[in-house]
Amino acid sequence: KYVFSGFRTNAPAFDRDGIFLGDDGEIFLQTGEGKSQRINFSGRDIFEVPTGERADDTIQLIDTHSILKRGMEQNDKETIQQTLGRIDKFIDKAASMQASVGAISNTLNEAGKQIDLKEDLEKEQLAVIEDVDMFTASSDFKRSEQVLQSVLLTSAKMLQPSLFNFLQ
């Protein structure tokens, strides 16, 4: 699956010419009851400058790398300096996105811990309701068995016909 393509995860986000092929679809993951977390970024968010922030000399990251390559091949120091300045802006943007990814990761880890904790508590509650305490169960069974034995012995003695009772 392609990471930066939005909903189009089966296709690359950019072609060889740097044209964005993905979409800006946001994928959310449910992290709890009534809670969800965005788990993707559009390639446009990372590799392109938003239209509102573009200046006349603003170009995209892929184009910037192409210009840097040409400048290095021609040993054009001015072009190299300009493109390195632009690349610095993209590095800052990538660092900001990396911080966002870290925050998302922390949120998902915490949600996972909460789910595990909730699952453990539910298992404990189910065990209290359904499980048998073996010591108590065996003690109760033994006590019931002794009571039954006593009742049987007593009733056997009371019901025993004697020769004297038969003659009367």
Co-membership, hydrophobic cluster, residues Leu21 and Phe7, 4.5 Å side-chain:
no
Mind checking the OG1-CG spacing from Thr107 to Leu29? Nearest 0.5 Å is all I need.
11.0 Å
When you measure from the side chain of Gln74 to the backbone of Asp76, do you find a donor-acceptor pair of N or O atoms at a distance under 3.5 Å?
no
Do Glu119 and Lys123 touch side chain to side chain, with heavy atoms closer than 4.5 Å?
yes
Any heavy-atom pair between the side chains of Thr79 and Arg70 that's under 4.5 Å?
no
Side chains of Arg38 and Ile27 in contact at under 4.5 Å (non-hydrogen atoms):
no
Spacing of Met97 atom CE and Phe4 atom CZ [to the nearest 0.5 Å]
9.0 Å
Any donor-acceptor N/O pair, Ser100 side chain to Ser96 backbone, under 3.5 Å:
yes
Return the CG to CD distance between Leu117 and Glu122, rounded to the nearest 0.5 Å.
10.0 Å
Donor-acceptor contact present, side-chain Thr83 to main-chain Ile80, <3.5 Å:
yes
Point-to-point distance, once rounded to the nearest 0.5 Å, from CG of Asp116 to CG of Asp120:
6.5 Å
For Val101, is there any backbone N or O sitting under 3.5 Å from a side-chain donor or acceptor partner on Ser105?
no
Does some side-chain heavy atom of Arg143 sit less than 4.5 Å from a side-chain heavy atom of Asp140?
yes
Does any N or O in the side chain of Ser5 come within less than 3.5 Å of the main-chain N or O of Ala13, such that one atom is a donor and the other an acceptor?
yes
Tell me whether Phe20 shares a hydrophobic cluster with Phe90, the cluster being built from Ile, Leu, Val, Met, Phe, Trp, Tyr side chains joined at under 4.5 Å.
yes
Would a distance-only check, ignoring hydrogens and angles, find a side-chain to backbone donor-acceptor pair under 3.5 Å from Asn40 to Glu26?
no
Rounding to 0.5 Å, atoms CG (Leu108) and CD (Glu110) come to a distance of 10.5 Å
Kindly check if the number of other-residue, nucleotide or ligand heavy atoms within 6.0 Å of CE (Met72) is above 12?
no
CD1 of Ile39 to CD1 of Ile104: how many Å apart, nearest 0.5 Å?
8.5 Å
Heavy-atom check, side chain of His65 versus side chain of Ile87, under 4.5 Å:
yes
Between the side chain of Arg86 and the main-chain N/O of Thr64, is any donor-acceptor distance below 3.5 Å?
no
Is the number of heavy atoms from other residues, nucleotides or ligands within 6.0 Å of CD (Glu73) greater than 12?
yes
